[in-house]
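Atoms within a ligand are numbered from 1 in the order they appear, just like the ligands themselves. Along the sequence shown, the residues carry numbers beginning at 1. Worth knowing before you read on, the calculation uses all heavy atoms, side chains too, and leaves out hydrogens, waters and symmetry mates.
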Amino acid sequence: MNLDLKNKRAIVCGSTQGIGKAVAMQLAAMGAHVTLVARNEPALKQTKAELANNGHQLHSYLCVDFSDTNALKELLTSFIQRSGPVNILVNNTGGPPSGPIASAKTEEFLQAFNNHLICNHILTQACLEGMKNTGYGRVINIISTSVKQPLPNLGVSNTIRAAVANWAKTMANELGKFGITVNNVLPGATSTQRLANIIETKAAKNNLQNDVVKNEMLHEIPLGRFAEPSEIANAVAFLASPAAAYINGINLPVDGGRTGNL
Ligand SMILES: NC(=O)c1ccc[n+]([C@@H]2O[C@H](COP(=O)([O-])OP(=O)(O)OC[C@H]3O[C@@H](n4cnc5c(N)ncnc54)[C@H](OP(=O)(O)O)[C@@H]3O)[C@@H](O)[C@H]2O)c1
């Protein structure tokens with residue numbers, strides 16, 4: 001099985017912590033030149049220093065806030081003109097705040113749509129020509145199992161994830177003929193800052209200890225534990241590899257079996 005990413009160039013968004021950082025580490029370990037994307041420059045520098053470098057890899061980073069789509073577009077376009085084509089794009093960023101849908105504000109939907117769907121689109125468009133020219137394209141979107149089964153108290157997130165999944169499937173249908181695959185990885189509860197925030201918010205709102213909320217969540221997972229970010233990264237890395245060339249347009253839950261449907 002060919003998992004070699006030597007001479008492949010990857011952009012990994014949301015890669016200063018959590019799932020994105022684990023993905024960047026894994027792709028670099030498999031030989032890719034990795035470009036990190038996030039807002040926090042010291043954390044970007046730190047993560048870049050932690051990436052595997054087998055003596056031939058050129059890693060870099062782009063510091064940008066997804067709230068500013070014009071800045072993202074300009075930065076990406078000039079980066080690609082300067083550095084050459086990108087083969088692997090991992091679309092990922094921070095999730096929308098939790099809360100019931102009935103009280104969600106219009107601005108929350110707009111911001112989530114912007115940071116997830118519009119930014120994915122800008123990034124993908126910027127990478128397309130290079131993927132077509134090199135005959136190797138992998139677009140992998142980190143979404144959520146809510147694509148298959150809405151999660152309680154994540155109203156805005158549930159809504160936007162479905163839009164991203166439909167955008168991705170439509171892209172997969174259009175781009176397959178160029179040797180470009182588009183797939184979604186759907187993490188279940190994964191031990192990151194995002195999960196810690198969700199647990200804390202729910203515990204505070206219901207006047208419970210964090211551990212009570214945590215144990216309720218664990219109870220819903222057949223494997224009885226949260227995922228490590230590296231376990232989500234393994235799935236992403238496989239989809240990015242030559243071995244996954246015939247996998248296209250799928251939603252892959254990596255959730256310890258939590259999602260109830262088939
Ligand atoms: N963890 C889970 O249990 C879980 C489960 C299902 C789905 N997910 C989803 O998977 C994705 C990643 O989750 P995670 O737990 O790894 O999240 P995380 O720990 O909050 O990390 C988010 C990453 O995105 C970057 N980021 C956030 N806002 C940004 C912005 N406006 N512009 C540019 N970069 C931004 C952050 O870096 P900077 O702060 O440096 O910008 C960070 O590197 C999220 O969409 C999340 O909702 C997570």
Please check whether [X] reaches ligand 1 - meaning an N/O of the residue sits under 3.5 Å from an N/O of the ligand, judged on distance alone.
X: S144; value: no
X: R161; value: yes
X: F66; value: yes
X: L195; value: no

Item to complete: May I ask you to test the L186-K148 pair for a side-chain heavy-atom distance under 4.5 Å?
Response: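 Heavy-atom side-chain distance check passes, below 4.5 Å.
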Discussion item. Less than 4.5 Å apart, side chain to side chain, heavy atoms only: is that true for T145 and R161?
Written reply: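 No, every pair of side-chain atoms sits at 4.5 Å or beyond.
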Tell me: protein heavy atom nearest [atom], and distance?
atom: atom 6 (C) of ligand 1; result: P187 O, 3.2 Å
atom: atom 16 (O) of ligand 1; result: I19 N, 2.8 Å
atom: atom 26 (N) of ligand 1; result: T93 OG1, 3.5 Å
atom: atom 3 (O) of ligand 1; result: T190 N, 2.8 Å
atom: atom 43 (O) of ligand 1; result: T16 OG1, 2.7 Å
atom: atom 8 (N) of ligand 1; result: I143 O, 3.9 Å
atom: atom 12 (C) of ligand 1; result: N92 OD1, 3.1 Å
atom: atom 33 (C) of ligand 1; result: V64 O, 3.5 Å

Worksheet entry | Carboxylate-amine/guanidinium proximity below 4.0 Å for E200 and K214 |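 Answer for the salt bridge query: no.
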Item to complete: State, without any angle test, whether T35 and R9 hold a side-chain donor-acceptor pair at a distance under 3.5 Å.
Response: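 No, R9 and T35 have no side-chain donor paired with an acceptor closer than 3.5 Å.
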Discussion item. Checking side-chain polar atoms at under 3.5 Å, does N197 have a donor or acceptor matched by the opposite partner on Q193?
Written reply: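 Side chains of N197 and Q193: pair found under 3.5 Å.
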Distance-only, no hydrogens or angles: does the [X] side chain make a donor-acceptor pair with backbone N or O of [Y] under 3.5 Å?
X: N40; Y: T16; result: no
X: N141; Y: I143; result: no
X: N114; Y: F66; result: yes

Practice prompt. Examine K8 relative to Y136 and say whether NZ or CZ is less than 6.0 Å from the centre of the six-membered ring and inside a 45° cone about the ring axis.
Written response: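 Output yes; distance and angle both within limits.
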Discussion item. Once salt bridge (Lys or Arg N to Asp or Glu O under 4.0 Å) is applied, do any residues pair with E108, and if so which ones, sequence neighbours excluded?
Written reply: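 E108 satisfies salt bridge (Lys or Arg N to Asp or Glu O under 4.0 Å) with no residue once adjacent residues are dropped.
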Discussion item. Test of understanding: given a 4.0 Å heavy-atom threshold, classify the contact between S15 and ligand 1 as side chain, backbone, both, or neither.
Written reply: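 S15 to ligand 1: backbone contact only, side chain stays beyond 4.0 Å.
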Discussion item. If we set the cut-off at 4.0 Å for heavy atoms, which region of N40 has an atom near ligand 1: side chain, backbone, both, or neither?
Written reply: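 It is both backbone and side chain that touch ligand 1.
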Which of the numbered atoms in ligand 1 are below 4.0 angstrom from a heavy atom of [X]?
X: G18; result: 16 (O)
X: T192; result: 1 (N), 14 (P), 15 (O), 16 (O), 19 (O)
X: G188; result: 2 (C), 3 (O), 4 (C), 5 (C), 6 (C)
X: N115; result: 31 (N)
X: D65; result: 30 (C), 31 (N), 32 (N)
X: A189; result: 3 (O)
X: H116; result: 45 (O)
X: G94; result: 22 (C), 24 (O), 26 (N), 27 (C), 28 (N), 45 (O)

Worksheet item: About how many Å separate CD of Q46 and CG of L51, when rounded to the nearest 0.5 Å?
Response: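 Atom-to-atom, L51:CG and Q46:CD are 10.0 Å apart.
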Discussion item. Checking side-chain contact (heavy atoms from CB on, under 4.5 Å) between I11 and each of V90, L76, V34, which is the one that passes?
Written reply: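 Only one of V90, L76, V34 forms a side-chain contact (heavy atoms from CB on, under 4.5 Å) with I11, namely L76.
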Worksheet entry | More than 12 heavy atoms from other groups under 6.0 Å of CD on E216 |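 It does: E216 CD has more than 12 such atoms within range.
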